[in-house]
Amino acid sequence: MDRESCELISLIKFVLAGAVALAVCTSAFAADPLVDADWVRSNIDKPGIVFLDVRGKLAGKSKSDYLNAHIPGAVYTDYLKDGWRAKDAGGTAGQLAPVENLEKLIGGLGIDNNTHVVIVPNGGKALDVGTGTRIYWTFKVLGHDNVSLLDGGMSAYTTAVDEKTKKPLNPLEKGEVKPAAKTFKAQLRKDMLVTKADVVAAQKSGTALVDNRPNNQFIGINKHKLAKRHGTIPGSVNLPENWLTKNGGGTFRSTPALEKLYSAAKIGTSGKQINFCNTGHWASLGWFVSHELMGNKDAKVYDGSMLEWSADENLEMDQKVKLN
């Protein structure tokens, strides 16, 4: 073989190796926002995937439910107790925890930067799906895009039956999975974090402010127990979290249905948008729908939400219904 042919073969090998590496990299860092129960069943025991069971108090569940029955290989984490959220320097509860704490927490769950994380909420109602979307948003903020959410959660997984035999279709296992700790390093996306000052600027610029709380809180009849005042941020519109899932349950509505709801709420499906609630929990559900399902990459979450906003007496509140 002459020298020119050898060089050509070497070049082809180099190009092919690069293409393979690119494909591996792409698969390692890109994942569909939603997966279904069939996908989960087909990917049990596959390397590089961690099913993160987040059923907890907000769903009326506890770790005992996980221990009694979970997706084979799934790892458990307690959303309210394990440190996914924390008080910030200003004393606002439920905020993004310090990055170093989250790195340790995530690594301890057997997750590294190449892991495809599949978050498994209970799936009974929109509130507990918000646990999944909040953890999903946290991974995104930390620079980890290889994350998905099980649509319908464990409810969808456990209720699936074989059409012929009517027997449960998906396998379960008992006990606790204790993974070996791995190293997870965050690449914080500061552009995803919205401050109180950013919201003030957004009011002036006409950026869409979307309140994802129930309507009774939006209009000021009720409030979160830690909120200092009733009402909402002036200029905001209401898109309640339980509009976004079918009948307020654990499965997301179709894109055409969501588009109709956004139109009814007078909210655009593109352009700058800030979602908020009380502590960034319900807001993550609104953000997930806008940003991940409907493709509005200009949607963001105001983590401080009403707990931070209502505590600042210099900021106005819009209370549409005043009972006192």
Side-chain angles (χ1 to χ4, degrees), residues 30-43 59 116 118-137 139-140 145-161 163 169 192 202 206-219 232 235-277 280-302:
D32 291 331
L34 290 176
V35 296
D36 60 20
D38 289 341
W39 186 96
V40 170
R41 183 176 65 256
S42 299
N43 285 275
H116 180 185
V118 179
I119 301 168
V120 183
N122 184 57
K125 53 185 178 180
L127 176 64
D128 81 72
V129 174
T131 297
T133 57
R134 173 66 192 210
I135 293 177
Y136 181 104
W137 174 81
F139 273 105
K140 290 283 185 173
D145 288 330
N146 200 9
V147 58
S148 303
L149 186 73
L150 173 55
D151 196 17
M154 277 298 287
S155 294
Y157 184 84
T158 56
T159 56
V161 296
E163 292 184 2
L169 192 60
M192 289 183 67
T207 294
L209 300 175
V210 182
D211 188 337
N212 292 121
R213 296 177 301 162
N215 185 258
N216 67 82
Q217 293 189 17
F218 171 73
I219 64 177
T232 189
S236 63
V237 292
N238 190 211
L239 183 64
E241 41 84 34
N242 62 8
W243 283 24
L244 305 175
T245 58
K246 294 178 181 178
N247 204 34
T251 304
F252 284 95
R253 295 186 186 276
S254 67
T255 299
L258 290 169
E259 289 173 346
K260 290 180 180 179
L261 291 174
Y262 272 61
S263 177
K266 296 181 173 55
I267 299 169
T269 55
S270 63
K272 292 182 179 181
Q273 178 188 114
I274 296 175
N275 294 271
F276 69 94
C277 55
H281 177 94
W282 284 326
S284 72
L285 195 68
W287 169 87
F288 182 86
V289 168
S290 289
H291 193 278
E292 300 296 275
L293 300 186
M294 303 179 74
N296 182 6
K297 300 308 177 183
D298 288 323
K300 297 183 180 183
V301 171
Y302 171 32

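The figures here come from the full heavy-atom set of this structure, side chains too, leaving out hydrogens, waters and symmetry mates.
In this structure D38 satisfies the side-chain hydrogen bond (donor to acceptor under 3.5 Å, both in side chains) test together with R41, sequence neighbours excluded. Residues passing the side chain to side chain contact (heavy atoms under 4.5 Å, CB included) test with S155, sequence neighbours excluded: N122. In this structure, the side-chain hydrogen bond (donor to acceptor under 3.5 Å, both in side chains) partners of S236, at least two apart in sequence or on a different chain, are T232. The side-chain hydrogen bond (donor to acceptor under 3.5 Å, both in side chains) test applied to N296 returns no partner, not counting sequence neighbours. For N212, the side-chain hydrogen bond (donor to acceptor under 3.5 Å, both in side chains) test picks out no residue, with sequence neighbours left out. Partners of A37 according to the side chain to side chain contact (heavy atoms under 4.5 Å, CB included) rule, which considers only residues two or more places apart in sequence or in another chain, are Y157, N170. Considering only residues two or more places apart in sequence or on other chains, F252 meets the ring pair (Phe, Tyr, Trp, His ring centres under 6.0 Å) condition with F288. With sequence neighbours left out, K125 forms a side chain to side chain contact (heavy atoms under 4.5 Å, CB included) with L127, D128.
Once rounded to the nearest 0.5 Å, the distance linking CG of D151 with OG1 of T251 reads 5.0 Å. Interatomic distance, I219 CD1 to N238 CG, rounded to the nearest 0.5 Å: 8.5 Å. In this structure, CZ in F139 is found 6.0 Å from CD1 in I119, a value given to the nearest 0.5 Å.
Here the closest non-hydrogen pair linking A31 and N146 is CB-OD1, 3.4 Å. The minimum heavy-atom distance linking H116 with S148 is given by the pair NE2-OG, 2.9 Å. Closest non-hydrogen pair, P214 versus E241, comes out as CG-OE2, 4.3 Å. Between D36 and L150, the shortest heavy-atom contact is C-CD1, 3.5 Å. Among all heavy-atom pairs drawn from N43 and W39, the shortest one is ND2-O, 2.7 Å. When every heavy atom of A126 is checked against every heavy atom of T245, the shortest pair comes out as CB-OG1, 3.5 Å.
Judged as a salt bridge (Lys or Arg N to Asp or Glu O under 4.0 Å), the pairs with a partner in residues 283-302 (not counting sequence neighbours) are, in order, K140-E292, E292-K297.
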Atom pairs and distances, side-chain donor-acceptor, residues 255-271, under 3.5 Å, sequence neighbours left out:
from	atom 1	to	atom 2	distance (Å)
Y262	OH	S290	OG	2.7

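Judged by distance alone, the side chain of R213 and the main-chain N or O of W282 form no donor-acceptor pair under 3.5 Å.
Ring planes of W287 and W137: perpendicular class, angle over 60° (limits at 30 and 60°).
The closest side-chain heavy-atom distance from F276 to D211 is below 4.5 Å. Using a 4.5 Å cut-off on side-chain heavy atoms (C-beta onward), F218 and P240 make no contact. Contact of the T133 side chain with the H281 side chain is not registered, since no non-hydrogen atoms from C-beta on lie closer than 4.5 Å.
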